[in-house]
Amino acid sequence: MFTFILLLYRYENILKENNSLLNPNIFLGLSKFYFMPESTYKHITDIETSDKEVKVRGWVYRIRKMKDKVFVVLRDATGILQCIGKLEDLSEEAWNNLNEVAIENAIAVKGNAKEDSRAVNNIELVLTDFTIIHKGEVFPIAKDQSKEFMLDNTHLFVRSYKSTNIMKVKANVLRASREWFYDNKFYEVTPPILTGSACEGGSTLFDLKYFDQKAYLSQSVQLYLEALIYSLEKVYAITPSFRAEKMRTKRHINEFWHIEGEEAFVDFEGNMKIQEELVAFIIQYVLENNKKELKELERDTSILEQIKAPFKKISYEEAINTLNENGHKLKWDDDIKTEEERDLSNIIGEPFFVTMYPSAHKPFYVKINERDPKWCYSADLMAPEGFGEIITGGQREDVLDTLVERIIAEGWSPEDYEWYIDLRKYGSVYHSGFGLGAERLTWWLCGLDAIQETQPFPRTRNRIYP
RNA sequence: GCCGCUGUAGCUCAGUCCGGUGGAGCAAUUGACUGUUAAUCAAUCGGUCGUAGGUUCAAAUCCUACUAGCGGCGCCA
């Protein structure tokens, strides 16, 4: 089959090159169906000022019509390009198309590139041909949009410049994560999203019918990753996590992408080292590969540029003291809440870990310090500039009896966690892990107002459509 | 779950307090136009004022219920 397609493709090009008198339409149609020749079109960022008769396709971003000339700003996946169509340069058909075209119409153009300081990015395409691929209806998104309208039209809003830039950064956050894990000998694994038991506690689970049983959407794949370290030692997974929290804030979405790692023979300190190196690598990667996007998002990258591992580490107690020095009134065992966390993040001004949390604050699987059981081996990684928590991680409880006691102490039944408890029965080893929020990180790196902007179709309390 | 707010033209909003013939900008349509940068200028089109009920001579406006959504907090990535 492939050979056949290849032959068609070659034949089509031979016909084109030789300007054959044979009618190639049947072959064109067929081969395009299987094998679209991308090479004849250029992407905007690949266009050079010396290009003649270059073909570009995409969508209409802006349009400005005059008596004898029309400016069309063309948008494709790579950027925008100002095109000028002059009455004198164009066929009647092309000129008519140009006068008919509207915002977000799909178009294909041909023209000669030139340097021009009057155009966007100093490059302009002087059109020699202009066709409309699809005209369609009036695009509903105009310059004024409320948040509500935007969310109702998310499926169209994803075309916006801002949304596109954010998605490009996020793609690199995920890519850089995978690269780092790969370079550091982690295996990517694929744990289930449908589960029969809770991880974080019962109150924020989405439940659903699973044949004749009840099931839940995953809140974290941590427990499954813990099972997998016994074969692969260092594993990671990038999966969606779901939290049925009824809160509405700028830093929560009910479905988010969770970058989770779990490592055998790694302790609390070693785990933080992994986190800081991973995060520093992602930041570096994005700064290098998303310069254009960050600039267009008007992100001041001065703080990001200075970030390198290792990160600063302060204990929970030091965090409380620092906050109290800055006007808060907290005592040992108080939660560090949103407002306090934001202040702390601003005060410290660089990424930092908060370590040595009170044991009572953390779930049953966190290992408690044997010498001083008041605190446990759990740490949160905080982003600066008011963004706050992006990772929670720590060493896991690896002693069978202690784990069972803690499950009981939380008021749950060990039977529900039987398989997880089992992991401590056969060659249990010390191990640690963490969960990084891909959206939290992207939110911070892009310097956005709300985390919802980092998901093309954010799932929030009242949003399941589109 | 708690607290606060909003629903008026396709979109963004004014008008509501203090009831008396529904307004502007953008979009769309038509025309003009000097290389425009969310072009500009002129005209035209556009509304069951979220839904239901109540008060009143009269309700977008006052009252009640319902409904949809937005902002924040408990939480957490």
Side-chain angles (χ1 to χ4, degrees), chain A residues 60-73 80-87 100 102-104 114 116-122 124 126 137-153 156-157 160-161 173 199-201 203-204 218-222 238-260 275 279 335-342 357 361-363 378 380-383 387-393 434-444 449-452 454-455 460-465:
Chain A
V60 176
Y61 182 65
R62 296 276 187 272
I63 186 152
R64 297 179 277 274
K65 291 173 186 173
M66 265 160 280
K67 190 177 188 178
D68 58 352
K69 60 180 80 69
V70 176
F71 293 94
V72 174
V73 181
I80 58 173
L81 173 70
Q82 175 164 302
C83 307
I84 180 164
K86 295 178 186 168
L87 179 60
E100 211 179 279
I103 298 286
E104 285 303 318
K114 69 175 173 69
D116 196 314
S117 59
R118 296 167 295 187
V120 195
N121 300 329
N122 292 326
E124 187 174 75
V126 182
E137 298 175 21
V138 177
F139 196 65
I141 299 179
K143 70 175 185 181
D144 297 316
Q145 312 119 24
S146 63
K147 182 141 190 167
E148 187 179 339
F149 181 77
M150 227 168 66
L151 290 168
D152 283 338
N153 291 281
L156 303 176
F157 188 74
S160 76
Y161 220 59
V173 165
C199 171
E200 298 281 338
S203 65
T204 61
S218 169
Q219 294 178 308
S220 163
V221 295
Q222 179 201 317
I238 300 179
T239 62
S241 276
F242 304 86
R243 307 273 166 98
E245 288 149 351
K246 287 179 179 172
M247 55 177 48
R248 348 163 16 92
T249 80
K250 290 183 191 305
R251 47 203 299 275
H252 288 89
I253 33 182
N254 295 106
E255 177 183 19
F256 68 95
W257 282 76
H258 216 163
I259 302 168
E260 291 177 275
Q275 293 170 43
V279 170
D335 275 325
I336 297 173
K337 296 192 175 164
T338 303
E339 195 192 334
E340 286 110 37
E341 187 183 301
R342 191 162 42 229
Y357 274 97
H361 288 207
K362 296 290 174 181
S378 177
D380 291 346
L381 178 59
M382 305 285 182
F387 288 90
E389 186 177 339
I390 58 170
I391 292 183
T392 289
F434 64 93
L436 165 63
E439 287 76 15
R440 287 266 173 97
L441 183 55
T442 307
W443 175 51
W444 166 41
D449 175 52
I451 200 167
Q452 286 78 12
T454 65
Q455 270 291 46
T460 55
R461 179 132 168 223
N462 297 314
R463 288 280 169 193
I464 193 71
Y465 181 93

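Numbers restart at 1 for each chain; the letters A, B, ... are given by sequence-line order, proteins then strands. Computed from a predicted model, the values in this text were never measured in an experiment.
The CD1 atom of A:I451 sits 14 Å away from the C1' atom of B:C75 (whole-angstrom rounding). Rounded to whole Å, the distance from CZ on A:R463 to C1' on B:G71 is 14 Å. When rounded to the nearest whole Å, the span between CD1 of A:I336 and C1' of B:A77 equals 16 Å. Taking atom CG on A:D68 and atom C1' on B:C33, their separation rounds to 9 Å, with Å as the unit. One interatomic measurement links the two molecules: CD1 of A:I238 to P of B:A77, which rounds to 17 Å at whole-angstrom precision. The distance from atom CD of A:Q222 to atom C1' of B:A77 is 13 Å, rounded to the nearest whole Å. Atom NZ in A:K86 sits roughly 12 Å away from atom C1' in B:U36 (whole-Å rounding). Rounded to whole angstrom, the span from the NZ atom of A:K362 across to the P atom of B:C75 amounts to 11 Å.
With A:D116 contributing its side chain and A:N122 its backbone, the two residues share no donor-acceptor pair below 3.5 Å. Formation of a donor-acceptor pair under 3.5 Å by the A:R243 side chain with backbone atoms of A:I253 is not found in this model. The backbone N or O of A:E245 sits less than 3.5 Å from a side-chain atom of A:N254, completing a donor-acceptor pair. Between the side chain of A:Q275 and the main chain of A:F434, no donor-acceptor pair closer than 3.5 Å is present. A side-chain donor-acceptor contact under 3.5 Å links A:R461 to the backbone of A:K246.
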Query raised in the report: What string of B, S and - do you get for nucleotides 10-15 of chain B, 5' to 3', when a contact is any protein heavy atom under 4.0 Å?
Result: -SS---
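When the C1' atom is used for both B:G50 and B:U6, the distance is 11 Å, rounded to whole Å. The same atom, P, is picked in B:U16 and in B:C75; the two are 42 Å apart, to the nearest Å. B:U30 and B:G15 have their P atoms separated by 35 Å, given to the nearest Å. Between B:G71 and B:G20, the distance separating the two P atoms is 33 Å to the nearest Å. Spacing between B:A59 and B:U64 at atom C1', rounded to whole Å, works out to 15 Å. Between B:A42 and B:A58, the distance separating the two P atoms is 43 Å to the nearest Å. Spacing of C1' atoms, B:U51 relative to B:U8, comes out at 15 Å, to the nearest Å. One C1' atom belongs to B:C63, the other to B:U56, and the distance between them is 12 Å to the nearest Å.
The two residues A:A438 and A:V173 make their nearest non-hydrogen contact at O-CG1, 4.5 Å. Counting all heavy atoms, side chain and backbone alike, A:F139 lies closest to A:I103 at CB-O, 3.8 Å. Listed here is the closest heavy atom pair of A:G435 and A:H258: CA-NE2, 3.7 Å. A:V60 and A:A102 make their closest contact through CB-O, 3.5 Å (heavy atoms, listed as atom of the first residue, atom of the second, distance).
Nucleic acid contact class of A:I253 (heavy atoms, under 4.0 Å, all strands): base. Residue contacts shown for A:D152 are absent, as no nucleic acid heavy atom lies under 4.0 Å away. At the heavy-atom level, A:E255 lies nowhere under 4.0 Å from the strands shown. Here A:I63 lies in heavy-atom contact (under 4.0 Å) with sugar-phosphate atoms only. Residue contacts shown for A:I391 are limited to sugar-phosphate atoms, with no base heavy atom under 4.0 Å away. When heavy atoms are screened at a 4.0 angstrom cut-off, A:E439 is found touching no nucleic acid atom at all. Counting any heavy atom pair closer than 4.0 Å across all strands shown, A:I84 reaches a base atom. Residue A:Q452 is out of contact with every strand shown, counting any heavy-atom pair closer than 4.0 Å.
Classification of the A:Y161-A:Y61 ring pair by plane angle, with boundaries at 30° and 60°, yields tilted.
Candidate nucleotides B:A38, B:C70, B:U36 were compared by shortest atom distance to the side chain of A:R118, and B:U36 ranks first. With B:C33, B:C73, B:A77 as the choices, the nucleotide that has an atom nearest any side-chain atom of A:M247 turns out to be B:C73. Out of B:C75, B:G72, B:A38, the shortest distance to the side chain of A:R248 is found at B:G72. Set against B:G1, B:U36, B:G74, the side chain of A:T338 has B:G74 as its closest nucleotide. Listed candidates were B:C75, B:C70, B:U36. Nearest to the side chain of A:F71 is B:U36. Each of B:U36, B:C76, B:A28 was ranked by its minimum atom distance to the side chain of A:E245; first place goes to B:C76.
Base pairing of B:A14: no nucleotide in any strand meets the Watson-Crick or G-U wobble criterion (both distances under 3.5 Å). The partner of B:U34 cannot be assigned: no Watson-Crick or G-U wobble pair with both contacts below 3.5 Å exists in any strand. In this structure, B:C76 makes no Watson-Crick or G-U wobble pair, since no nucleotide meets both defining distances under 3.5 angstrom. Under the Watson-Crick or G-U wobble criterion, with both distances below 3.5 Å, B:A9 has no partner in any strand shown. Using Watson-Crick or G-U wobble geometry with both donor-acceptor distances under 3.5 Å, B:C66 finds its partner in B:G50. In this entry B:G20 has B:C57 as its Watson-Crick or G-U wobble partner, both defining distances falling under 3.5 Å.
For A:W257, there are no ring pair (Phe, Tyr, Trp, His ring centres under 6.0 Å) partners at least two apart in sequence or on another chain. Residues meeting the ring pair (Phe, Tyr, Trp, His ring centres under 6.0 Å) test with A:F157, sequence neighbours left out: none. Taking the salt bridge (Lys or Arg N to Asp or Glu O under 4.0 Å) definition, one finds that A:E341 meets it with A:R251, sequence neighbours left out.
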Under 3.5 Å, N/O pairs linking protein and nucleotides 42-46 of chain B:
none

Under 3.5 Å, N/O pairs linking protein and nucleotides 30-32 of chain B:
none

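A donor-acceptor contact closer than 3.5 angstrom is absent between the side chains of A:T460 and A:Q452.
With RNA chain B read from its 5' end, the first of the two nearest nucleotides for A:K246 and A:V138 is the one closest to A:K246. The residue among A:K250 and A:H361 whose nearest nucleotide of RNA chain B is located toward the 5' end is A:K250.
The phosphate of B:A77 (OP1 or OP2) has a side-chain N or O of A:T392 nearer than 4.0 angstrom. When the side-chain nitrogen and oxygen atoms of A:N462 are compared with OP1 and OP2 of B:C70, one or more of them lie within a distance under 4.0 Å.
The one candidate from A:Q455, A:H252, A:E255 that meets the side-chain contact (heavy atoms from CB on, under 4.5 Å) condition with A:E439 is A:Q455.
The base of B:C76 sits with one of its N or O atoms less than 3.5 Å from a complementary donor or acceptor on the side chain of A:R251.
Salt-bridge formation is not detected for the pair A:D335/A:K337: no Lys NZ or Arg NE/NH1/NH2 atom is positioned less than 4.0 Å from an Asp or Glu carboxylate oxygen.
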